[in-house]
Amino acid sequence: MDKRKFLIVAIYVGLQSFLLQLVDQLVGHRLADGGTRGFVFIAFQAWALYFLLGNTVKGAIKGFCGYVLGIAFAVVMLALAGVFSWMGILAVPVTALIVVPFMMYFEFAPWCISNVATFFVGAGAYYGILNYVEEVSEVQAAGIVILYCIFGLASGYMTILFRSAYEKRMEGLEVKEEGK
């Protein structure tokens with residue numbers, strides 16, 4: 001596709017970004033009582049994961065499951081860090097040393113929960129909300145991450161859907177012009 005025709009795709013993705021930002025500004029501040037500057041970063045992470053996981057619905061399912069498991073592993077790590085709190089500064093590193101090797105074995109799990117990288121993304125988003133949004137509960141943080149994950153994965157899906165349809169249409173027009 002030449003650069004002039006690609007402009008439509010670029011504008012479409014810009015429009016999607018605009019809408020995500022707008023939704024975040026309208027909804028994000030209502031999801032947690034503590035001050036927030038928004039959660040759209042999670043949607044952009046998930047959007048990128050959609051592409052990295054193959055641009056398919058199956059990849060989106062794998063991404064969603066990865067976010068959920070990432071949150072679950074983060075909760076386990078927080079609980080264990082509490083158990084090891086007597087270790088001071090070593091509590092979290094020791095917890096990671098115990099949990100992460102177990103988590104790595106999910107590479108051998110069924111397809112929808114076998115992408116360990118998505119666990120790290122989901123856990124990171126969850127930790128980010130817990131650490132930077134005052135007065136947020138663990139349940140609220142999990143809900144926020146899952147909601148914005150869905151926003152991002154849906155954006156990735158819509159990007160590919162639009163681009164595929166647009167490219168098919170452009171190919172049809174090129175064939176029609178050549179046949180004249």
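Quantities reported herein were computed from a predicted structural model and do not represent experimental measurements.
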Looking at every non-hydrogen atom in both residues, tell me the closest pair between Gly38 and Asp24 and how far apart they are. CA-OD2, 3.2 Å
Linking I/L/V/M/F/W/Y whenever any side-chain heavy atoms sit under 4.5 Å apart, do Phe18 and Leu26 land together? yes
Between Met103 and Val100, does a side chain to side chain contact (heavy atoms under 4.5 Å, CB included) hold up when you go through it step by step? CA-CA 5 Å; Met103 191 173 72; Val100 171; 4.3 Å; yes
Give the C-alpha distance, both sets of side-chain angles, the deciding distance and a yes or no for side chain to side chain contact (heavy atoms under 4.5 Å, CB included) between Val133 and Ile144. CA-CA 11 Å; Val133 178; Ile144 290 165; over 6 Å; no
Please name the pair of heavy atoms, one in Ile71 and one in Gly122, separated by the smallest distance, quoted to 0.1 Å. CG1-O, 4.2 Å
In terms of hydrophobic clustering (I, L, V, M, F, W, Y; side-chain heavy atoms under 4.5 Å; direct or indirect links), are Trp86 and Leu80 co-clustered? yes
Do other residues, nucleotides or ligands put more than 12 heavy atoms under 6.0 Å from the CD1 atom of Ile89? no
Tell me, do Val13 and Gln16 make a side-chain contact under 4.5 Å, heavy atoms counted? yes
Quick one: are Pro110 and Ile113 in side-chain contact, heavy atoms under 4.5 Å? yes
Closest non-hydrogen atoms of Ala46 and Leu153, given as atom of the first, atom of the second and distance, are O-CD2, 3.5 Å
The reported gap from CG in Leu19 to OG in Ser155 (rounded to nearest 0.5 angstrom) is 8.5 Å
Aromatic contact, Trp47 with Tyr50 (centres under 6.0 Å): no
Does any non-hydrogen side-chain atom of Ile160 lie less than 4.5 Å from one of Phe51? yes
I need the minimum non-hydrogen distance between Ala141 and Ile129, along with the two atoms involved. CB-CG2, 3.6 Å
Are side-chain heavy atoms of Ile42 and Phe151 found at a separation under 4.5 Å? no
Side-chain (Gln140) to main-chain (Ala32) donor-acceptor, under 3.5 angstrom: no
Tell me whether the rings of Phe106 and Phe73 are parallel (<30°), tilted (30 to 60°) or perpendicular (>60°). perpendicular
Phe64-Tyr67 aromatic ring centre distance below 6.0 Å: no
Are more than 12 heavy atoms, taken from residues, nucleotides or ligands other than Tyr157, located less than 6.0 Å from that residue's OH atom? no
How are the rings of Phe108 and Tyr105 set to each other: parallel, tilted or perpendicular (split at 30° and 60°)? tilted
So with a 6.0 Å cut-off around CH2 of Trp111, is the heavy-atom count from everything else above 12? yes
Taking all heavy atoms of Val99 and all of Val76, pick out the closest pair and write down the distance. CG2-CG1, 4.3 Å
Derivation and outcome, ring pair (Phe, Tyr, Trp, His ring centres under 6.0 Å), residues Phe41 and Phe44: CA-CA 5 Å; Phe41 71 94; Phe44 284 114; 9.6 Å; no
For residues Ile8 and Phe162, determine if any side-chain heavy atom of one lies less than 4.5 Å from a side-chain heavy atom of the other. yes
Straight-line distance of Cys65 SG to Phe119 CZ, nearest 0.5 Å: 9.0 Å
Shortest non-hydrogen contact from Asn115 to Lys62? CB-CD, 3.7 Å
Determine whether Leu69 and Phe102 fall in the same hydrophobic cluster, where Ile, Leu, Val, Met, Phe, Trp and Tyr are linked whenever their side-chain heavy atoms lie under 4.5 Å apart. yes
Would Val94 end up clustered with Val92 when hydrophobic side chains under 4.5 Å apart are linked, directly or stepwise? no
Assess the residue pair Arg163 and Tyr12 against the criterion (side chain to side chain contact (heavy atoms under 4.5 Å, CB included)); give the C-alpha distance rounded to whole Å, side-chain angles, the decisive distance to 0.1 Å, and a yes or no. CA-CA 9 Å; Arg163 184 171 182 167; Tyr12 178 79; over 6 Å; no
Begin from the C-alpha positions of Tyr166 and Lys5 and carry the test side chain to side chain contact (heavy atoms under 4.5 Å, CB included) through to its verdict. CA-CA 9 Å; Tyr166 179 70; Lys5 292 179 182 170; 3.7 Å; yes
